[in-house]
Enquirer: 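Let me give you the structure first, and then I'll get to my questions.
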Amino acid sequence: MNRHNISSNSVFDTGLKDRDVYDLLTKIPPGKVATYGDIAKALGYPTSSRAVGKILAKNPNPIVVPCHRVVKSNGHIGGYAYGEKRKKDLLEKEGLQLENSLVKNFNESRFEFAK
DNA sequence: GCCATGGCTAGTA
DNA sequence: GCCATGGCTAGTA
């Protein structure tokens, strides 16, 4: 951080913006999931899946931003700030079928972002 | 240097 | 389950 950047999300930043990630997440309806890579791609950073994970780890507001609807590309549910158990419970409550930590019918459960 | 990834492989059931 | 990779960021100079 320096005098040219008021924050890491400054308009002078060239990278992925936290705000854009959070905004996009609010579009995923209950019962659907997206992958870290999907989010990155939809925002124009096709190789930034790990950066998305780090942004979600900062977990701004779990009430309005459904971080729990973001999973790994192989269907594993991935991590969660409040523990994987909690993530599973939330996803199941929303109607997703899980087998251990894997999303059943993964393809059918994926949300497609508008292009 | 880290890591809430991803994808490929070995090894079990 | 392992490891290669990308991209962020803490922390030094």
Side-chain angles (χ1 to χ4, degrees):
Chain A
M1 194 132 40
N2 59 45
R3 73 193 181 81
H4 300 294
N5 278 0
I6 56 172
S7 81
S8 62
N9 297 321
S10 155
V11 291
F12 300 112
D13 258 1
T14 50
L16 195 55
K17 311 282 190 301
D18 296 8
R19 281 256 314 283
D20 292 342
V21 172
Y22 303 141
D23 285 350
L24 197 57
L25 287 205
T26 63
K27 300 191 175 156
I28 309 171
K32 292 282 180 179
V33 292
T35 70
Y36 298 92
D38 289 343
I39 307 290
K41 225 172 292 174
L43 295 174
Y45 298 86
T47 65
S48 301
S49 54
R50 312 180 75 148
V52 168
K54 288 180 100 177
I55 288 168
L56 297 194
K58 291 190 270 184
N59 202 20
N61 185 347
I63 307 294
V64 302
V65 181
C67 291
H68 63 281
R69 294 179 197 143
V70 186
V71 302
K72 294 184 65 165
S73 65
N74 59 6
H76 262 270
I77 64 166
Y80 193 56
Y82 302 94
E84 286 198 21
K85 172 75 165 57
R86 180 82 183 124
K87 189 167 183 172
K88 282 190 203 176
D89 290 346
L90 285 168
L91 290 172
E92 283 176 338
K93 191 177 298 184
E94 292 178 352
L96 240 75
Q97 306 267 321
L98 302 185
E99 187 161 3
N100 297 314
S101 291
L102 269 177
V103 179
K104 286 193 202 173
N105 311 123
F106 183 43
N107 288 332
E108 295 74 14
S109 305
R110 285 177 81 165
F111 179 69
E112 295 223 28
F113 293 103
K115 288 172 247 163

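Letters A, B, ... mirror the listed sequences (proteins, then strands); counts begin at 1.
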Enquirer: Knowing that exactly one of A:Lys87, A:Arg86, A:Lys85, A:Lys93 qualifies, which makes a side-chain hydrogen bond (donor to acceptor under 3.5 Å, both in side chains) with A:Asp89?
Expert: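 Single pass found, and it is A:Lys85.
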Enquirer: Counting heavy atoms from C-beta on, name the nucleotide in C:dG7, B:dG7, C:dC8 closest to the side chain of A:Asn74.
Expert: B:dG7
Enquirer: Tell me: NZ of A:Lys58 to C1' of B:dC3, nearest whole Å?
Expert: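 Atom NZ in A:Lys58 sits about 13 Å away from atom C1' in B:dC3.
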Enquirer: Does A:Ala51 reach a base, just sugar-phosphate, or nothing at all? Heavy atoms under 4.0 Å.
Expert: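 Sugar-phosphate: the residue A:Ala51, judged by heavy atoms under 4.0 Å, touches backbone atoms but no base.
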Enquirer: Nearest-Å distance, CG (A:Leu56) to C1' (B:dC3)?
Expert: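 Whole-Å distance recorded here is 13 Å.
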Enquirer: What's the closest nucleotide to the side chain of A:Lys54 if the choices are B:dA4, B:dG7, C:dG7?
Expert: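 Nearest nucleotide to the side chain: C:dG7.
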Enquirer: If you take all heavy atoms of A:Leu25 and A:Ile39, which pair is closest and at what distance?
Expert: CD2-CD1, 3.5 Å
Enquirer: Donor-acceptor pair under 3.5 Å: do we get one between A:Tyr36's side chain and the base of B:dA4?
Expert: yes
Enquirer: Below 3.5 Å is the cut-off: list the nitrogen or oxygen pairs between protein and nucleotides 9-13 of chain B, distance only.
Expert:
none

Enquirer: Respond yes when some side-chain nitrogen or oxygen of A:Ser48 is under 4.0 Å from OP1 or OP2 of C:dG7, and no when none is.
Expert: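 The answer is yes; a side-chain N or O of A:Ser48 sits under 4.0 Å from OP1 or OP2.
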Enquirer: Using whole Å, report how far CG of A:Leu16 lies from C1' of C:dG7.
Expert: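 Distance, rounded to whole Å: 10 Å.
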Enquirer: Looking only at heavy atoms, what is the nearest atom pair of A:Lys27 and A:Phe111, with distance?
Expert: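 That would be O-CZ, 3.5 Å.
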Enquirer: Take A:Val52 and A:Tyr45, measure what side-chain contact (heavy atoms from CB on, under 4.5 Å) needs, and give me the verdict at the end.
Expert: CA-CA 10 Å; A:Val52 168; A:Tyr45 298 86; over 6 Å; no
Enquirer: Between B:dG6, B:dA4, C:dT5, which nucleotide gets closest to the side-chain atoms of A:Ala57?
Expert: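 Given the options B:dG6, B:dA4, C:dT5, the side chain of A:Ala57 is closest to B:dA4.
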Enquirer: Mind calculating the distance between NZ (A:Lys85) and C1' (B:dA4) to the nearest angstrom?
Expert: 18 Å
Enquirer: If you only use heavy atoms from C-beta on, which nucleotide in C:dT5, B:dA4, B:dG7 is closest to the side chain of A:Ser73?
Expert: B:dG7
Enquirer: If you look at every heavy atom in A:Ser48 and A:Ala40, which pair is closest and at what distance?
Expert: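 In terms of heavy atoms, the two residues are closest at C-CB, 3.7 Å.
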Enquirer: For DNA chain C, what string of dots and brackets results from 5' to 3' when Watson-Crick and G-U pairs need both distances under 3.5 Å, crossing pairs get [ ], and pairs with another strand get |?
Expert: ||||.|||.....
Enquirer: Could you pull out every donor-acceptor pair under 3.5 Å between side chains of residues 64-81 of chain A and any protein atom, sequence neighbours left out?
Expert:
| residue | atom | partner | partner atom | Å |
| --- | --- | --- | --- | --- |
| A:His68 | NE2 | A:Glu94 | OE1 | 3.4 |
| A:His68 | NE2 | A:Glu94 | OE2 | 2.8 |
| A:Arg69 | NE | A:Glu94 | OE1 | 3.0 |
| A:Arg69 | NE | A:Glu94 | OE2 | 3.4 |
| A:Arg69 | NH1 | A:Ile28 | O | 2.7 |
| A:Arg69 | NH2 | A:Glu94 | OE2 | 2.8 |
| A:Asn74 | OD1 | A:His76 | N | 3.0 |

Enquirer: Who pairs with A:Thr35 by side-chain hydrogen bond (donor to acceptor under 3.5 Å, both in side chains), at least two apart in sequence or on another chain?
Expert: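 Residues passing side-chain hydrogen bond (donor to acceptor under 3.5 Å, both in side chains) with A:Thr35: A:Asp38.
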Enquirer: Roughly how many Å is it from CG in A:Leu91 to P in B:dA4, rounded to a whole number?
Expert: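 Computing the A:Leu91:CG to B:dA4:P distance gives 18 Å.
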Enquirer: For A:Arg50, which residues count as a side-chain hydrogen bond (donor to acceptor under 3.5 Å, both in side chains) partner, sequence neighbours excluded?
Expert: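 So A:Arg50 forms no side-chain hydrogen bond (donor to acceptor under 3.5 Å, both in side chains) with any residue.
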Enquirer: When the nearest nucleotide of DNA chain C is assigned to A:Arg50 and to A:Ile55 on a heavy-atom basis, which residue is associated with the more 5' position?
Expert: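 Looking at DNA chain C, the more 5' nearest nucleotide goes with A:Arg50.
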Enquirer: Whole angstrom is fine here: how far is it from CG in A:Asp20 over to C1' in C:dC8?
Expert: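 To the nearest whole Å, that distance equals 16 Å.
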Enquirer: If I take atom CG in residue A:Asp18 and atom P in nucleotide C:dC8, what distance separates them, rounded to the nearest angstrom?
Expert: 10 Å
Enquirer: Is the distance from OP1 or OP2 of B:dT5 to the nearest side-chain N or O of A:Thr35 less than 4.0 Å?
Expert: no
Enquirer: Ignoring hydrogens, what is the shortest heavy-atom contact between A:Tyr36 and A:Ser49? Give both atom names and the distance.
Expert: CB-O, 3.6 Å
Enquirer: Rounded to the nearest Å, what distance is computed from the CG atom of residue A:Asp38 to the C1' atom of nucleotide B:dG6?
Expert: 12 Å
Enquirer: Would you mind telling me which of C:dG6, B:dG6, B:dA4 lies closest to the side-chain atoms of A:Lys72?
Expert: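 Selected nucleotide: B:dG6.
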Enquirer: With sequence neighbours excluded, what pairs up with A:Pro46 under the side chain to side chain contact (heavy atoms under 4.5 Å, CB included) test?
Expert: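 A:Pro46 satisfies side chain to side chain contact (heavy atoms under 4.5 Å, CB included) with A:Lys41 once adjacent residues are dropped.
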